[in-house]
Amino acid sequence: MRNAEIADAFDELASLYELDGAVVYRVVAYRNAAKAIREAGVSVAELTRQGRVTDLAGVGKTIEEKIHALLDTGSIPSADKLKARVPAGLIEITRIPGLGPKRARALYERLGIRSIADLHTAAEEGRLKDVAGFGEKAEENVLAALAAGADGRPKARLLLSKALPVGEQLVRALREHPAAIRVELAGSARRLADTVKDLDIVASASDPKALAEAFAKLPELDTVSSPGEAGARATTHSGLQVDLRIVPAEAFGNLLQHFTGSGRHNEALRTEAVRRGLHVSEYGIADDEAGTTEAFATEEEVYERLGMQFIPPELRENRGELESARRDELPALIELSDLRGDLHMHTTLSDGRNTVEEMAAGARERGYGYIAITDHSASHGFGNDVQPDELLRQLEQIRSLDLGGIRVLAGTETNVLPDGSLDYEDAVLEQLDWVVASLHTAFRLPEQDQTARMLRAMEHPLVDAIGHPTGRLIERRQPYEIDVDRVIAGALETGTFLEINGNPDRRDLNDVYARAAAEAGVMLVIDSDAHGLERLANIRYALATARRAWLTREHVANTRPWPELDGVRKRGR
DNA sequence: GCCGTTTTCGGCCCGACTGTTTTCAGTCG
């Protein structure tokens, strides 16, 4: 059973307990455990079999037993019992804005509402306002939410690549205003998470009202509500919500820290601060003993006051960064300027939009010393496959080019066939400088077969790297069934690099697995997988994932000049 | 339910907003 499935079961259990009226701390404990399981980076089922699952922070004896039950029987007994008392449909009702567990429970008990459909009917018939605690307004709000498309499913999140350019444009525009002192993007966009729910912008200004009014007039925004001293809330033309918050410059650091999150990071940071008599909020840090509240203009000062290193936003997920920062042991995260080359991109020979020369010129402008051209192989199946003779002609062409200043490696992104063999004969692969192997077909193989397929590909002496190793498409497609622990072990044994793919739909390996791979000693490559010149810039998303995975330049093969990289890869060892 | 050089029991972040409340519970981020 996958970590995501186990985590889902505990999130559901938490919701059921919440609806049943359990003390919030128990509910929070299950939610924390679900998060720890989701982000474990290694197989929690395996960890449980080894008796080590309580090593995960937030998983104790009770939850260990429940995981055992889940793995053995497919369900958690306490969840089954709760479902007999509380309809699971109430969980969907709690996803309607304004309706939480208490109110959903009240609707069930007073009106027998057990589904979104029941809720809809009761609201239309005007029966909600008969329930204690509900009035006209509550009924209106429910009807409005349902009319606006709320259906009880978790809200889809927006890909970072869709939201980030919008946020950066708004920040640029606000900074140009004469009243602006500081303007920064906050929230999950600043943490460069895979997806965002909305955009948060934090500002300080000499004339807050003027800045808010200027914000309201920006052409990117559709509707804006009540621009005032404290900021404004807006929606872009594509429906993305943007919150602008304006604070005095003296407290800008506190507010930026607060709104950058994550919620879990802040919660853990504050809990730890309380033990030392400090209370952290968006307004400042209160000291019990001194009876004072200090505000800080910069985040650096906030973290310093709390006795820790500055924590880069990408690490603020409560995944151990607070402890490391207190010990002064945060890693020196990889930076864009560390990258020497890009080892995965396509040209017009397969499904790219630009030629080898154009891609090389673009890469040179980015300051790279080398690139690898890695068009799709013969059985790609999505148009424009590359037969061996075509590949060899491209190789000749690359060898004859004079591209002054940048080394162009002749490579391929070869398909891994269902049995783990590659798409080209060794005689062809031997002539290439760089081989990426990826899975593009037979996604539905059982886990054992998929894992064996990948392991066999990694055992091939000419495979330098595995492209997008789990095959996920963020918000669209789950990873294929594969045992990532064994893939990481296989990569370590064979000396195969694992890729962090920069296509913003992929970002694969993800942050959690990339961190696990690096900790195991596997070397990673950070690639754009560009299918066009302008997509070379997608490297920023791969870099973002690498930083969220705590990687330093040492962990990443293509921070090295080519001759050095050539020496550390499988065939150079 | 979890956790621990202040604790193996007694804590568990902080504040804003909404609506239905005569003083606050529930929800949200």
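Keep in mind it's a predicted model, so treat the numbers as computed, not measured. Below, chain A is the first sequence line, B the second, and so on; all start at residue 1. Hydrogens, waters and symmetry mates are skipped; everything else that's a heavy atom, side chains included, is used.
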Considering only atom P, compute the distance from B:dC28 to B:dT20 and round it to an integer number of Å. 15 Å
Specify the separation, in whole Å, of atom CZ of A:Arg275 and atom P of B:dC14. 12 Å
When the P atoms of B:dC12 and B:dT7 are considered, how many whole Å apart are they? 16 Å
For B:dG19 and B:dT23, measure between their C1' atoms and round to the nearest Å. 14 Å
Which part of the nucleic acid, if any, lies within reach of A:Ala57 when heavy atoms closer than 4.0 Å are counted: base, sugar-phosphate only, or nothing? sugar-phosphate
Describe the nucleic acid contact of A:Tyr283 in one word from base, sugar-phosphate, nothing, applying a heavy-atom distance below 4.0 Å. sugar-phosphate
Closest nucleotide among B:dA16, B:dG1, B:dT27 to the A:Ile63 side chain: B:dG1
Please name the pair of heavy atoms, one in A:Gly41 and one in A:Asp485, separated by the smallest distance, quoted to 0.1 Å. O-OD1, 3.9 Å
Identify whether any heavy atom of A:Gly263 sits under 4.0 Å from a base atom; if not, whether one sits that close to sugar-phosphate; answer base, sugar-phosphate or nothing. nothing
B:dC28 P sits how many Å from A:Glu282 CD, rounded? 18 Å
Reckon A:Ile96 touches a base, only the sugar-phosphate, or nothing at all at heavy-atom distances under 4.0 Å? sugar-phosphate
Please determine whether a side-chain nitrogen or oxygen atom of A:Ser281 lies at a distance below 4.0 Å from atom OP1 or OP2 of B:dC13. no
Run the side-chain hydrogen bond (donor to acceptor under 3.5 Å, both in side chains) check on A:Thr54 and A:Lys61 step by step: do they pass? CA-CA 7 Å; A:Thr54 53; A:Lys61 208 78 202 126; over 6 Å; no
Closest to the A:Arg270 side chain: B:dT7, B:dC14, B:dG1? B:dC14
Suppose we define a pair by two distances each less than 3.5 Å, Watson-Crick or G-U wobble; what does B:dC24 pair with here? B:dG19
Residue pair A:Gly60/A:Glu139 against DNA chain B: nearer the 5' end by closest nucleotide is A:Gly60
Could you check how far CD of A:Glu18 sits from C1' of B:dG26, rounded to whole Å? 11 Å
Among B:dG29, B:dG26, B:dG1, which is the nearest nucleotide to the side chain of A:Lys102? B:dG26
Is A:Arg547 reaching over with its side chain to a backbone N or O of A:Pro313, donor-acceptor style, under 3.5 angstrom? no
Could you tell me the separation between the NZ atom of A:Lys137 and the P atom of B:dC17, rounded to a whole number of Å? 16 Å
B:dC13 and B:dC3, which share atom name P, separated by this distance in whole Å: 15 Å
Please classify the nucleic acid contact of A:Leu269 as base, sugar-phosphate, or nothing, using heavy-atom distances under 4.0 Å. nothing
Planes under 30° and centres closer than 5.5 Å, is that true for A:Tyr25 with the base of B:dC12? yes
Say we look at B:dC17 and B:dG10: how far apart would their P atoms be, to the nearest angstrom? 37 Å
Do the rings of A:His265 and A:Tyr303 sit parallel, tilted or perpendicular, given the 30° and 60° boundaries? tilted
Donor-acceptor pairs under 3.5 Å, side chain of residues 91-98 of chain A to any protein atom, not counting sequence neighbours: which ones?
unit_1  : atom_1 : unit_2   : atom_2 : d
A:Thr94 : OG1    : A:Ile91  : O      : 2.6
A:Arg95 : NH1    : A:Gly152 : O      : 2.7

OP1 or OP2 of B:dG1 less than 4.0 angstrom from a side-chain nitrogen or oxygen of A:Arg26, does that happen here? yes
Establish, with yes or no, whether the OP1 or OP2 oxygen of B:dG19 is under 4.0 angstrom from a side-chain nitrogen or oxygen of A:Asn141. yes
Under 4.0 Å between a side-chain N/O of A:His279 and OP1 or OP2 of B:dC13, yes or no? no
A:Glu267 side chain, from C-beta outward: closest of B:dC13, B:dG19, B:dT7: B:dC13
Say you pick atom C1' in B:dT21 and the same atom in B:dG26; how far apart are they, in whole Å? 12 Å
B:dG29 P sits how many Å from A:Arg245 CZ, rounded? 10 Å
Any side-chain N or O of A:Thr271 less than 4.0 Å from the OP1 or OP2 oxygen of B:dC12? no
Quick check for you: among B:dT27, B:dC13, B:dT20, whose closest atom lies nearest to any side-chain atom of A:Arg103? B:dT27
Taking for each residue the nucleotide of DNA chain B with the nearest heavy atom, is it A:Ala138 or A:Val280 whose nucleotide lies nearer the 5' end? A:Val280
So OG of A:Ser115 and NE2 of A:His120: to nearest 0.5 Å the spacing works out to 11.5 Å
Find the distance A:Leu107:CG to B:dT27:P and express it as a whole number of Å. 10 Å
Using the P atom on both, measure B:dG29 against B:dT22 and round to a whole Å. 27 Å
According to salt bridge (charged side-chain N to carboxylate O under 4.0 Å, His left out), does anything in residues 200-209 of chain A pair up with another residue at least two apart or in another chain? List the pairs. A:Asp200-A:Arg245, A:Lys209-A:Glu213
Rounded to whole Å, CD of A:Gln257 lies from P of B:dC14 at a distance of 13 Å
